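The structure appears below as structure tokens.
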Amino acid sequence: MSIVKQIQSAVINALSTSYHIPFTEKDFQINQTKPEFEGDYTIVLFSLVKSLKKSPEEIGNELGKTLINNNPQLFTSYNIIKGFLNLVVDDQYWIALLQKNHNDICFGKQAMNGKKVMVEYSSPNTNKPLHLGHLRNNFLGWSVAEILKANGYQVLKSCIVNDRGIHICKSMIAWQLFANGATPESTNQKGDHFVGDYYVRFNDEYKKQIAQLKDGGMKEADAEKNAPIMLQTQQMLQDWEAGKPEVMELWKTMNSWVYDGFDITYNRIGSNFDRTYFESNTYLLGKDIVQEGLDKKVFYKKEDGSVWIDLTADGLDEKLVLRKDGTSVYMTQDIGLAKQKYDEYKIDQSIYVIGDEQNYHMKVLKLIAQKLELPYADDIYHLSYGMVELPTGKMKSREGTVVDADDLVDEMINTARHHTEALGKVKDFTSEELVSLYDVIGLGAMKFYLLRVDPKKKMIFNPEESIDFHGFTGPFIQYTFARIKSILRKEKSVSTGAYSGNLLPLEKQVVFVAEQFPNIITDAAKELNPSVIANYLFLLAKTFNSFYSEHSISNAETSHKKDLRLQIAVMTSNILQSGMKLLGISVPERM
RNA sequence: GGUUCGGUAGCUCAGCUGGAUAGAGCAUCAGCCUUCUAAGCUGAGGGUCAUUGGUUCGAAUCCAAUCCGAAUCACCA
């Protein structure tokens, strides 16, 4: 049980026995004591004034005395300043906690709870390579999955690949028109970039044709509809849906190029999935549910045969769920896919890691599912995250203003190499060891950078300023870990005995922060927010570094002190390692 | 126009289930490597928490209004 919980129940106990009124943990607040006062945790007394009809000082004194009498093993003293009761926790409590947990690499993790969660993330299109926005999505999805696992959930990571539709046909048409049979192999290009170039090529040509038609006197809207390349693309989409062999052949070939490229990128960033859905397999799903909705009168049919749902009573709009030609729309597919996920895995919760531009869509999806009374409706959860923007505004792949994922990874790994070489600490590394070290540091910096901010908020990325390696960063935490490992390599073993003296302030501070890790893991899961972990790890590393620079571990004043400090170091390194793993980041033994 | 989200130091962000003098990192300035890894540590300067009003013992945090910014409201996905 965490120290805060223990204090909570001690206070509830003390209050109820002293005043014979039932109290709960909501009746008072426990904060960490501010550093300028003596104490570890503080009870805020103001909220008790009304119900007890006593002054804060009076309550504080009575409560402080009772707490110490009833829990001599927990508290050593208290002081009251204004309406705040500051409690000093016994050093022996921290020492016992340290002794018990320092070697536990699973510290903070929950036992399996029997619940199954699916986390869907990444969702790439097969007409262009991954960009910075996908990276935020991937890292978030991965980290949330890890955090849920640590909280005892069984987690399935899934990916829906957007592999069909008009946008896919655009790159196919452009390839037919302009490639002269070129392939990724013949041009020595990564497959996803190769195809992406034809997607851009399509848009260039399309713009040109529109301009020509407008010069010929056509209105803009008509020009957009009648540009020959657009007509060709629409024809291709129809041929695809009809299963025309040569179109299917081209589609399969080009998609396979893209998948080859994606595999490389996913592999580099350390991402994978337990289940991949392809939209080409799911886009027809959901039609039976539309019929069900019509029967239940949740949906209605317009004269032209299209099917709608009226959500105006819920403050939303009318929404199309089936086109007049009977083909399904995005929404229909998503309802169908939600059902398939549920049928396949009997999941208790389905988390969708999707950008906040789709907040409306996801809200409607859930609402429709609820109105249809589908069993999984309430378990749909949209983990909405903000867009990554450039200082100049939104990234647009059509205009080529995207930060490419592969380029960024290359750059980060390069920067890691430059920093490492400049410091010259790993001259004895083999070239393979160096390559993996640069990977770990470069990716660590990038992942930490994208995960350390609240996912809900949009973030600004300035490509001109490279991602930092100092301060609140991944490498800072990796460095702290490597430093500890360096000490531990020189020690034969760490005594597991309990220290019997008192703790110095910096020694206590590290254990104090370490103790919070289990709570942090549950908080991060509650909010589905990896930044909670990132902020905490930074605090722990910083606290340890202050301790480290002030007190020698190997040359401690006494051998008992040395054992104590080694335990502190071991516990810190274990938390840093498992915490970073929750962010999808590795930590190096040396750097 | 409707809905939703956001506005905290020069920059990037914490803090938001109300609590003590609003915190980090970067950048700037000043110190610390013959002693466990200086990707580190210590310190300084830097704030009308968008604005106004309200709720109360107490508001960056809750409520209302206003200003500014973004997303969204497709027979696109």
Side-chain angles (χ1 to χ4, degrees), chain A residues 26 29 31 33-34 36-37 42 44-47 49-50 56 81-84 86 123 125 162 164-168 279 283 302 304-308 315-325 327-331 333-334 355-361 363-364 384 386-387 389 391 393-394 416 419-420 422-423 425-426 441 445 449 452-454 456-462 465 468-480 482-491 531-532 534-535 538-539 541-542 545-556 562 565-566 569 590-591:
Chain A
K26 281 176 186 156
Q29 209 174 9
N31 296 339
T33 304
K34 298 242 165 195
E36 54 268 37
F37 304 107
T42 297
V44 183
L45 301 166
F46 298 105
S47 55
V49 168
K50 252 189 197 164
I81 295 169
K82 293 197 236 168
F84 301 92
N86 300 324
S123 322
N125 290 342
N162 193 327
R164 64 161 288 280
I166 191 90
H167 54 300
I168 307 298
E279 208 183 289
Y283 81 108
K302 284 196 180 171
D304 64 4
S306 57
V307 181
W308 296 74
L316 304 173
D317 305 279
E318 292 187 350
K319 192 83 191 171
L320 177 87
V321 291
L322 203 66
R323 291 193 187 98
K324 64 184 170 203
D325 61 8
T327 58
S328 56
V329 291
Y330 186 35
M331 187 60 72
Q333 299 169 35
D334 269 1
D356 61 8
E357 55 193 356
Q358 298 205 36
N359 283 355
Y360 181 77
H361 172 80
K363 201 168 161 185
V364 171
S384 164
M387 297 287 105
E389 291 182 10
K394 230 185 144 176
H419 280 278
T420 308
L423 292 165
K425 292 179 189 174
V426 288
I441 297 174
Y449 179 85
R452 68 179 199 183
V453 303
D454 187 333
K456 288 192 293 295
K457 294 192 178 174
K458 74 166 188 220
M459 60 188 295
I460 293 171
F461 174 80
N462 189 347
E465 297 165 14
D468 228 300
F469 280 58
H470 301 271
F472 184 22
T473 67
F476 174 92
I477 290 161
Q478 292 172 324
Y479 177 70
T480 308
R483 249 178 170 183
I484 294 174
K485 284 292 164 178
S486 165
I487 296 170
L488 296 179
R489 267 193 300 277
K490 290 168 192 153
E491 300 298 333
S531 79
V532 171
N535 279 287
F538 176 60
L539 173 68
K542 216 164 53 128
N545 282 332
S546 297
F547 156 75
Y548 171 95
S549 66
E550 195 63 33
H551 303 296
S552 177
I553 295 169
S554 301
N555 297 314
K562 181 173 169 179
R565 289 182 187 164
L566 281 170
R590 290 178 58 195
M591 68 185 275

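Computed from a predicted model, the values in this text were never measured in an experiment. Just so it is clear: chains get the letters A, B, ... in the order the sequence lines come, proteins before strands, and each one is counted from 1. Only this structure's heavy atoms are used, side chains among them; waters, hydrogens and symmetry mates stay out.
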remark   = Testing B/C36, B/C75, B/C26 for proximity to the side chain of A/Leu320, the answer is B/C75
query = Using the P atom in both, what is the distance from B/A65 to B/G10, to the nearest Å?
reply = 30 Å
key: Nearest-Å distance for atom pair CD/P, residues A/Glu389 and B/U12   = 12 Å
query = With distance as the sole test, does A/Arg565 use its side chain to make a donor-acceptor pair with the main-chain N or O of A/Ser552 at under 3.5 Å?
reply = yes
task = Under 4.0 Å between any heavy atoms, over every strand shown, what does A/Lys26 touch: base, sugar-phosphate, or nothing? Just pick one.
result = nothing
ask   = Would one find a side-chain N or O of A/Lys490 under 4.0 angstrom from OP1 or OP2 of B/U37?
value = yes
ask   = Taking the side chain of A/Phe476 as heavy atoms from C-beta outward, which of B/A77, B/G25, B/G40 is closest to it?
value = B/G40
query = Under 4.0 Å between a side-chain N/O of A/Ser47 and OP1 or OP2 of B/G19, yes or no?
reply = no
ask   = Please walk me through it: do A/Lys302 and A/Asp304 pass salt bridge (charged side-chain N to carboxylate O under 4.0 Å, His left out)?
value = CA-CA 5 Å; A/Lys302 284 196 180 171; A/Asp304 64 4; over 6 Å; no
ask   = Taking atom P of B/A74 as reference, at what distance in whole Å does atom CG of A/Leu322 sit?
value = 17 Å
message = Does the plane of the ring in A/Tyr330 sit parallel, tilted or perpendicular to the ring in A/His361? Use 30° and 60° as the thresholds.
response = parallel
ask   = Which nucleotide, in any strand shown, forms a Watson-Crick or G-U wobble pair with B/U37, with both distances under 3.5 Å?
value = none
inquiry  = I need the CG-P distance between A/Leu45 and B/G18, as an integer number of Å.
reply    = 17 Å
request  = Grab the CG-P distance between A/Asn545 and B/C33 for me, whole Å please.
outcome  = 18 Å
task = Taking only the side-chain heavy atoms of A/Phe46 (C-beta and beyond), determine which of B/A20, B/G19, B/C75 contains the nearest atom.
result = B/G19
request  = Quick one: label A/Thr480 by what it contacts on the DNA or RNA (base, sugar-phosphate, nothing), any heavy atom closer than 4.0 Å.
outcome  = nothing
inquiry  = Rounded to whole Å, how long is the line connecting atom CE of A/Met459 with atom C1' of B/A14?
reply    = 14 Å
ask   = What distance, rounded to whole Å, do you find between the two P atoms, one in B/G18 and one in B/C63?
value = 11 Å
inquiry  = Under 4.0 Å, heavy atoms only, any strand: does A/Phe84 hit a base, just the sugar-phosphate, or nothing?
reply    = base
ask   = In Watson-Crick or G-U wobble terms, both distances under 3.5 Å, what is the partner of B/U61?
value = none
task = Report yes if a donor N or O on one partner sits less than 3.5 Å from an acceptor N or O on the other, where the partners are the side chain of A/Asn86 and the base of B/A20; otherwise report no.
result = yes
query = What about A/Ser531: does its side chain form a donor-acceptor pair under 3.5 Å with the base of B/A14?
reply = no
query = Expressed as a whole number of Å, how far does the P atom of B/G47 sit from that of B/C11?
reply = 13 Å
B/G45 and B/G7, which share atom name P, separated by this distance in whole Å = 27 Å
message = What contact category does A/Gln29 fall into here, base, sugar-phosphate, or nothing, at under 4.0 angstrom with non-hydrogen atoms?
response = base
Nucleotide of B/G25, B/A77, B/A71 approaching A/Glu357 most closely (side-chain heavy atoms) = B/A71
inquiry  = Give me the distance, rounded to whole Å, that separates B/G25 from B/C41 when you measure between the C1' atoms they each carry.
reply    = 15 Å
query = Within the structure, does a side-chain N or O atom of A/Arg483 lie under 4.0 Å from either OP1 or OP2 of B/A38?
reply = yes
ask   = Which one, B/C73, B/G19, B/C41, comes nearest to the side chain of A/Val44?
value = B/G19
ask   = Is there a donor on the side chain of A/Asp304 or the base of B/C75 sitting less than 3.5 Å from an acceptor on the other?
value = yes
ask   = Is there ring stacking between A/Phe538 and B/G25, where the centres must be under 5.5 angstrom apart and the planes under 30 degrees?
value = no
message = Applying a 4.0 Å non-hydrogen cut-off, can you work out what A/Met387 is touching in the nucleic acid: base, sugar-phosphate, or nothing?
response = nothing
note = If pairing means Watson-Crick or G-U wobble with both distances under 3.5 Å, then the partner of B/C16 is none
task = Give the rounded distance in Å between these two atoms: NZ of A/Lys363 and P of B/G2.
result = 15 Å
key: Heavy-atom side-chain proximity of A/His167 to A/Asn162 below 4.5 angstrom   = yes
request  = Pull up the glycosidic torsion of B/C16 and say syn or anti, syn being anything within 90° of 0.
outcome  = anti
request  = Test A/Asn545 against A/Thr480 for side chain to side chain donor-acceptor pair (under 3.5 Å), laying out the working first.
outcome  = CA-CA 7 Å; A/Asn545 282 332; A/Thr480 308; 3.2 Å; yes
key: For atom NZ of A/Lys456 and atom P of B/A70, their distance in whole Å   = 22 Å
ask   = Expressed as a whole number of Å, how far does the C1' atom of B/G31 sit from that of B/C67?
value = 45 Å
query = Reckon A/Ser486 has a side-chain N or O less than 4.0 Å from the OP1 or OP2 of B/U37?
reply = yes
note = Result for 5'-nearest mapping on RNA chain B, choosing between A/Ala416 and A/Lys50, is A/Ala416
task = Could you tell me whether the side-chain ring of A/Tyr548 sits stacked on the base of B/C36, using a centroid cut-off under 5.5 Å and a plane angle under 30°?
result = yes
task = Using the aromatic ring of A/Tyr479 (for Trp, its six-membered ring), decide whether it stacks on the base of B/G40 within the limits of 5.5 Å and 30°.
result = no
key: Spatial distance of atom NZ (A/Lys34) from atom CD1 (A/Ile81) [nearest 0.5 Å]   = 13.0 Å
request  = Determine the Euclidean distance between corresponding P atoms of B/A38 and B/U12; express it in Å to zero decimal places.
outcome  = 32 Å
ask   = If each of A/Lys34 and A/Ser546 is mapped to the nucleotide of RNA chain B with the nearest heavy atom, which maps nearer the 5' terminus, i.e. the 5' end?
value = A/Lys34
query = What nucleotide among B/G69, B/G19, B/G7 has an atom nearest to a side-chain atom of A/Asn31?
reply = B/G19
note = Looking only at B/G69, B/G19, B/C36, the nucleotide nearest the A/Ile553 side chain is B/C36
key: A/Gln358 CD - B/U3 C1' separation (whole Å)   = 17 Å
ask   = Any donor and acceptor pair, going by atom type alone, linking the side chain of A/Ser554 with main-chain N or O of A/Ile487 inside 3.5 Å?
value = no
key: Mate of B/G6 where both pairing distances stay under 3.5 Å, Watson-Crick or G-U   = B/C68
ask   = Has A/Lys457 got a side-chain N or O lying under 4.0 Å from the OP1 or OP2 atom of B/A14?
value = yes
inquiry  = From C-beta outward on A/Val453, which listed nucleotide comes closest to its side chain: B/C41, B/G40, B/C13?
reply    = B/C13
message = In whole Å, measure the gap between the P atoms of B/U51 and B/C68 for me.
response = 15 Å
key: Below 4.0 Å: OP1/OP2 of B/C76 and any side-chain N or O of A/His167   = no
task = Is it possible for you to check whether A/Arg452 lies under 6.0 Å from the centre of the six-membered ring of A/Phe472, through NZ or CZ, and within 45° of that ring's axis?
result = yes
task = Check every atom of B/C75, B/U12, B/U72 against the side chain of A/Ile460 and return the nucleotide holding the closest atom.
result = B/U12
key: A/Arg323 bridged to A/Asp325 by N-O distance under 4.0 Å   = no
key: Phosphate contact (B/A77 OP1 or OP2) by A/Arg323 side-chain N/O below 4.0 Å   = yes
task = Among B/U4, B/A38, B/G19, find the nucleotide with the atom closest to the side chain of A/Asn359.
result = B/U4
